[in-house]
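Inspection log for the structure reproduced underneath, given as structure tokens.
Throughout, protein chains are lettered first and strands after them, A, B, ... in sequence-line order, and every chain is numbered starting at 1.
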Amino acid sequence: MIRSVRQGRRRFFDRNIAFLMILPAIIIVTALIVVPMVYSFYLSLTNLNLLHPSRARFIGFKNYLKLLEDPIFWRSLMNTVIFMGVAVNVEFLLGLILAQLIFKVTRGQSIVRTAIMAPMMFAPVLVGFQFKWFFNDQVGLVNNLIYFFTGEYRLIPWLINYPLNLLALLAAEIWMSTPFMVIILLAGLVSLPAEPFEAAAVDGASPWQQFRYITLPLIGPFTYIAMVIRSLDLGRAYDLVRIMTAGGPANRSEMIWTYTFRLAINDNKFGMGTAMSFVTVVLSFIFVIYLFQQLAKSRQEVY
Amino acid sequence: MSLSRTKRISARKKRFRQEFYNVIVYVIVLVFFLPVIWIILTSMRPEIEVNARPPIFLPQKLVFDSFIHLFGAGHAEKSVPFYDYLGNSLFASLVSTGIAITIGTLSGYSFARFRFRGAKATFIGMMLARSIPGIAVSLPLFILFARLGLLDKKTGLSLAYTAMNIPFTTWLMQGFFKDIPADLDEAAQIDGCSRWQSFTRIDLPLALPGLAASGIFAFLTSWNEFQIASVLTRTPASKTFPVGLYDFTQQFTVDWRGMCAMSVVMLVPAIVFVLLTQRQLVRGLTFGAFK
């Protein structure tokens, strides 16, 4: 009798094990991500101000309409797109070159590989503070180096002038994330089969031709996954920008997430801030789904 | 005979060229590594050197004031509540990592081994949850936690980090489990194991490297996290290192040396973990991503 109960219990567990094993993950993700996001949508329909929480009322989609008319929203969106576009491509190109170079090193390759990973150990916050300091106009390393080589003091206001601060942000971002590209692409290069290269060498293909027609197509999936992960992370760019320029001066280097934070927390327009965060999350969902479709397509082409 | 000599010369030339190439790559990689050296040097410089102009590239002597100050030896008032931040950072990172890898391993196994209705939709949902930036979740969590009394608490922060880490550990673990042949499972079950037993006795031990990799990813993500912490924490009761770095900035001046010292402390666990698990790290990044 007892035995059959136990067996019954065991059968129930075995039959539903797939679901039971996922359940805890679903509960936590629902409670701490899905519910807050739904709540966030509700907040975005109110005029909640953190200074006067009791005065919050339901105002429908007014926040969203106001956002569409806000020039700073559009500017921060533009800045994010420019930042993403430049960073992903430069990181990829640099990463590809570095991976190729390191791949052909015959001595001390593992040391080189470890050294190149150093920036990956830095928190984005740390990178932000350090590069803020490197690009400081008074005591920064960059201006100091310029002085060292040219012999005259020129206080270039890296973080204060508008296009210059985007450049400084890009420098920090590229330094921080190129190693990630290198590591993934290097893993791709290591996994390549030797035969096509031998055959090509017999046929007299130049190194460039080998690279262009064998290496590049074969590491395609690695390229793709690296670029997908980087684009997703770049779309969330916040730490670096918040610390290095905080979106300033006068909102010129604002990105979507720094502006969201400013609206919600600094300017106390919590309803407006959540509206903006909601718009951005929807945009990034569309982007994610598009990227994953492309990923699936590129995978089919290779296998 | 002369032929073999030219051959030998060309072989030597080739080797020389390769060594030359190696050195050039070392130099390029060193340029990438320089900021790390600079930060470590700055943390040990005498104070006058830090803001010197013209710049002093190599420190004239090494001092450890900034570290002594940080760890608080002989200081009645410490400028930065270092031990509070250390405790908070460790608590939030370790607790969230522990829970996230336990739950993520279970769900990762399920996604890798079973086919069931809604599996694909659930999986995509998890991935979308991962693509939501911390700051977007932190805004509603700020209000919710304020009502639940979890604002500015280590537990609240750990909860948020756990939720943030679960989708990624699930993703990585299902990649690692898919690498293990399902035949092993089936063989164990023919021998009389239940599904749970075949999971704990066969798959789990084989997936240990993957488990280590996921754990380290989760730990480092929490250890370095800034967006959520900057909204949900206010005081030394729950502030972590990344938020605590702001303590070194005043309105017009920044204590760069102190900040570099704390940066070095923050880097230590990251460096140790990355060095210990380099191979799994790369495998996790690439293979986990493919499946």
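Contact annotation for B:Thr42: only side-chain heavy atoms (C-beta onward) come within less than 4.5 Å of a heavy atom of chain A. Contacts between B:Arg130 and chain A at a heavy-atom distance below 4.5 Å involve backbone atoms as well as side-chain atoms. Looking at B:Pro269, there are no atoms closer than 4.5 Å to chain A (heavy atoms on both sides), in backbone or side chain. For B:Glu19, the part sitting under 4.5 Å from any heavy atom of chain A is the side chain, from C-beta outward, and nothing else. Residue B:Phe241: no heavy atom, backbone or side chain, is found under 4.5 Å from chain A. In this structure, the portions of B:Ile132 lying under 4.5 Å from any heavy atom of chain A include both its backbone and its side chain.
Residues B:Pro133 and A:Val281 come closest through the heavy atom pair CD-CG2, 4.3 Å. Minimum interatomic distance between A:Ala25 and B:Ile166 (heavy atoms only, all atoms of both residues): CB-CG2, 3.8 Å. Across all non-hydrogen atoms, the minimal contact from B:Ala136 to A:Ser277 is CB-OG, 4.2 Å. Closest approach of A:Lys104 and B:Gln18 over heavy atoms only: O-NE2, 3.1 Å.
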Show your reasoning for whether side chain to side chain contact (heavy atoms under 4.5 Å, CB included) applies to B:Thr170 and A:Ile22. CA-CA 9 Å; B:Thr170 301; A:Ile22 296 184; over 6 Å; no
Please assess B:Cys260 against A:Trp133 for the test side chain to side chain contact (heavy atoms under 4.5 Å, CB included), listing each intermediate value before the final yes or no. CA-CA 11 Å; B:Cys260 283; A:Trp133 178 41; 3.8 Å; yes
Dump the intermediate steps for side chain to side chain contact (heavy atoms under 4.5 Å, CB included) on A:Phe129 and B:Thr249, then the final yes or no. CA-CA 10 Å; A:Phe129 274 118; B:Thr249 63; 4.0 Å; yes
For the pair A:Phe122 and B:Asn224, evaluate side chain to side chain contact (heavy atoms under 4.5 Å, CB included) and give the outcome as yes or no after the intermediate values. CA-CA 8 Å; A:Phe122 278 68; B:Asn224 291 338; over 6 Å; no
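Using a 4.5 Å cut-off on side-chain heavy atoms (C-beta onward), A:Phe261 and B:Ser230 make contact. The closest side-chain heavy-atom distance from B:Leu139 to A:Thr260 is below 4.5 Å. With contacts defined as side-chain heavy-atom distances shorter than 4.5 Å, the pair A:Met21/B:Ser107 does not qualify.
Taking chain A as the reference chain and counting heavy-atom pairs below 4.5 Å, the highest number among B:Val231, B:Leu141, B:Thr162 is found for B:Leu141.
Partners of B:Phe219 according to the ring-ring contact (aromatic ring centres under 6.0 Å, His included) rule, which considers only residues two or more places apart in sequence or in another chain, are B:Trp223, B:Phe273.
Looking only at distances, a side-chain donor or acceptor of B:Tyr21 sits under 3.5 Å from a matching main-chain atom of A:Leu101. Panel note: side chain A:Trp175, backbone B:Phe32; a donor-acceptor pair is recorded below 3.5 Å.
In this structure, OG1 on A:Thr274 lies 12.5 Å from CZ on B:Phe142, to the nearest 0.5 angstrom.
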